[in-house]
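Comments concern the structure below.
Reminder, nothing fancy here: chain letters follow the sequence lines and each chain counts from 1. Note that the coordinates shown come from a computational prediction; the quantities given were computed from them, not determined experimentally.
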2 protein chains.
Amino acid sequence: MRHKNLGKMQCPIARSLERVGEWWSILIIRDALHGLTRFDQFQESLGIAPNMLTRRLAALVKAGMLERRRYSDRPPRYEYVLTERGRDFRSVIIAMTAWGNRHFAPEGASVLLLNARTGKPADPVFVDRNSKRPLADTEFLVAPGPAASDRTAAKLAASDWGASRRLPAARGIRKSTA
Amino acid sequence: MRHKNLGKMQCPIARSLERVGEWWSILIIRDALHGLTRFDQFQESLGIAPNMLTRRLAALVKAGMLERRRYSDRPPRYEYVLTERGRDFRSVIIAMTAWGNRHFAPEGASVLLLNARTGKPADPVFVDRNSKRPLADTEFLVAPGPAASDRTAAKLAASDWGASRRLPAARGIRKSTA
DNA sequence: CCAGTAACTTGCATAATGCAAGTTACTGGT
DNA sequence: ACCAGTAACTTGCATTATGCAAGTTACTGG
């Protein structure tokens, strides 16, 4: 079934899901970040059906997440290595790992992120690169960006994320269509 | 089709995907974080078929992401509000937003995260809460946690994320099964 | 030269999804 | 009291994706 629009949506989340929203995609990227590159490594790790894996890998290559690279000529063999875009996805993986550990690991975490120097578990929090302030603070809010359509702007105008005051940078709202 | 195991996996990512891995789930949570609570608000915002929305909302309630709460007795009407767990998912949404903006917004961002004081766009990066160091540094690595099985530990032992040295905290590897 | 294996691809039954239409239970106007 | 309008779902059916088993191609090792 046509998986609905998504690609045409303006939302960065929707566009992200276009690329990695399929069931296995995120787990494949997780494994790729863990250093796996070969078809059979992924298959072994995930217990995924080979045809599914073929499709998902092809989709990830098409989405620019992985690069398919020949590592043997006779027989032709390929490996799948993360692109810059794929490696950049690491922050999403970190966020999901932290969230998963907080909420779905009653028996204790089975995957930790460690600080290699201290050997202590790292506790990942988002900060603004410039102000260094944690994004959990109420002083952050979403706003329509320069490329926002009227509809997107109208939706975000009603947003609840942070304060919903009007801000200098939060322009683009012209009329309410939603 | 039974969407494979996932729940039985130890990986926090897999467990997270169990709850929010369905196509629409993340977009619904995004909208909930934007302040939407009613069935028809979600439907309007997403353009989702009502039966799909019914299922996804029910699944999210069951997963403990949303709470279904009656706001009218005659006629019985319900609204869906985020639980603590659902609100905590915000960091994942932030990560995806940032990643999506970086890679799939050639015409410029349409959704921004703003610092409400300066009015400037925020650039979210992960840091370790304790050391305050960005997690992009090579000094961070994944390791099996206290609850890791042999198989999980073996997989992570070969990991490539950071250095793959053995660390005091990274115990649990007894034999290699993978 | 033949068995064994890595790395896929193909086919088919089955299960999930999207859409349109139907249902239930009000509210508001006359 | 009656009828249109609307919110919030649910049902049914055609379409599409998934998982599994089996097949294919191309080596390698003895």
Side-chain angles (χ1 to χ4, degrees), chain A residues 1-9 14 17-28 31-32 35-63 66-81 178, chain B residues 1-9 14 17-28 31-32 36-63 66-81 158 178:
Chain A
M1 65 221 97
R2 264 271 65 64
H3 247 330
K4 204 69 194 288
N5 35 14
L6 272 278
K8 291 184 294 187
M9 290 191 186
L17 290 175
E18 267 277 292
R19 325 295 172 118
V20 298
E22 304 283 340
W23 249 85
W24 292 101
S25 304
I26 292 183
L27 291 175
I28 291 172
D31 277 354
L36 304 195
T37 58
R38 310 283 193 76
F39 190 93
D40 65 328
Q41 290 177 322
F42 290 115
Q43 194 177 343
E44 206 281 317
S45 169
L46 297 168
I48 185 178
N51 57 347
M52 276 291 94
L53 182 55
T54 300
R55 287 180 216 174
R56 291 280 68 79
L57 287 174
L60 287 170
V61 167
K62 197 159 145 220
L66 294 174
E67 188 195 332
R68 179 179 152 112
R69 139 184 331 165
R70 170 174 286 206
Y71 69 91
S72 158
D73 279 321
R74 284 177 29 269
R77 288 295 128 85
Y78 301 90
E79 63 181 354
Y80 300 86
V81 297
Chain B
M1 67 219 99
R2 263 271 65 67
H3 247 330
K4 206 70 193 288
N5 35 14
L6 272 277
K8 291 183 295 185
M9 291 192 187
L17 289 174
E18 266 277 292
R19 325 294 171 118
V20 299
E22 304 284 340
W23 251 84
W24 292 103
S25 303
I26 291 183
L27 291 175
I28 291 172
D31 277 353
L36 305 194
T37 57
R38 311 280 193 78
F39 189 92
D40 65 328
Q41 290 178 320
F42 289 115
Q43 195 178 341
E44 207 280 318
S45 169
L46 296 169
I48 186 179
N51 55 348
M52 277 291 94
L53 182 55
T54 300
R55 286 180 217 175
R56 293 278 69 80
L57 287 173
L60 286 171
V61 167
K62 196 158 145 222
L66 294 174
E67 187 194 334
R68 180 180 151 113
R69 142 185 327 167
R70 168 174 286 205
Y71 70 91
S72 159
D73 279 322
R74 285 178 26 270
R77 288 296 129 84
Y78 301 90
E79 62 181 354
Y80 300 85
V81 297

Pair partner, C:dT30 [Watson-Crick or wobble, under 3.5 Å]: D:dA1

Decide yes or no, distance alone: a donor-acceptor N/O pair under 3.5 angstrom between the base of D:dC20 and the side-chain of A:Asn51. yes

Rounded to whole Å, the CG-P distance (B:Leu53 to C:dA20) equals 16 Å

Hey, mind stepping through B:Leu53 and B:Ile28 against side chain to side chain contact (heavy atoms under 4.5 Å, CB included) and telling me if it holds? CA-CA 9 Å; B:Leu53 182 55; B:Ile28 291 172; 3.8 Å; yes

Check the pair A:Arg38, A:Tyr71 against side chain to side chain contact (heavy atoms under 4.5 Å, CB included), reporting the backbone distance first and the verdict last. CA-CA 10 Å; A:Arg38 310 283 193 76; A:Tyr71 69 91; 3.1 Å; yes

What verdict does the side chain to side chain contact (heavy atoms under 4.5 Å, CB included) test give for B:Val81 and B:Arg69, after you've listed the backbone C-alpha separation in whole Å, the side-chain angles of each residue and the deciding distance to 0.1 Å? CA-CA 8 Å; B:Val81 297; B:Arg69 142 185 327 167; 3.5 Å; yes

Closest to the A:Ala49 side chain, choosing from D:dT18, C:dG18, D:dC20: D:dC20

note: B:Phe39, atom CZ; C:dA25, atom P; distance rounded to Å ~ 17 Å

Ignoring the backbone of B:Pro76, work out which of C:dT9, C:dA25, D:dG19 is nearest its side chain. C:dA25

Between CD of A:Glu44 and P of C:dA7 the distance, given in whole Å, is 12 Å

Between D:dT18 (P) and A:Leu27 (CG): distance, integer Å: 14 Å

Pairing partner of C:dT14 (Watson-Crick or G-U wobble, both distances under 3.5 Å): D:dA17

Starting at atom OH of A:Tyr78, determine the distance to atom C1' of D:dC27, rounded to an integer number of angstrom. 14 Å

Is any side-chain nitrogen or oxygen of A:Arg55 closer than 4.0 Å to OP1 or OP2 of D:dA17? no

Please determine if a side-chain N or O atom of A:Tyr71 lies less than 4.0 Å away from the OP1 or OP2 oxygen of C:dA7. yes

Is any side-chain nitrogen or oxygen of A:Thr54 closer than 4.0 Å to OP1 or OP2 of C:dC8? no

Would you indicate what B:Tyr80 reaches in the nucleic acid, counting non-hydrogen atoms under 4.0 angstrom: base, sugar-phosphate, or nothing? sugar-phosphate

If you round to the nearest 0.5 Å, how far is CE of B:Met52 from CZ of B:Arg55? 3.0 Å

Is the phosphate of C:dA16, meaning OP1 or OP2, less than 4.0 Å from a side-chain N or O of B:Trp24? no

Who is the Watson-Crick or G-U wobble partner of D:dG29, with both distances under 3.5 Å? C:dC2

DNA chain D: 5'-proximal contact among B:Arg77 and A:Met52 (nearest heavy atom): B:Arg77

Just how far, in rounded Å, is P of C:dT9 from CG of A:Leu57? 10 Å

Does the pair B:Phe42 and B:Ile48 meet the rule for a side chain to side chain contact (heavy atoms under 4.5 Å, CB included), with working shown? CA-CA 8 Å; B:Phe42 289 115; B:Ile48 186 179; 5.6 Å; no

Looking at D:dT11, which nucleotide sits across from it as a Watson-Crick or G-U wobble partner, both distances under 3.5 angstrom, or is there none? C:dA20

Send over the distance from B:Arg69 CZ to D:dA8 C1', rounded to a whole Å. 18 Å

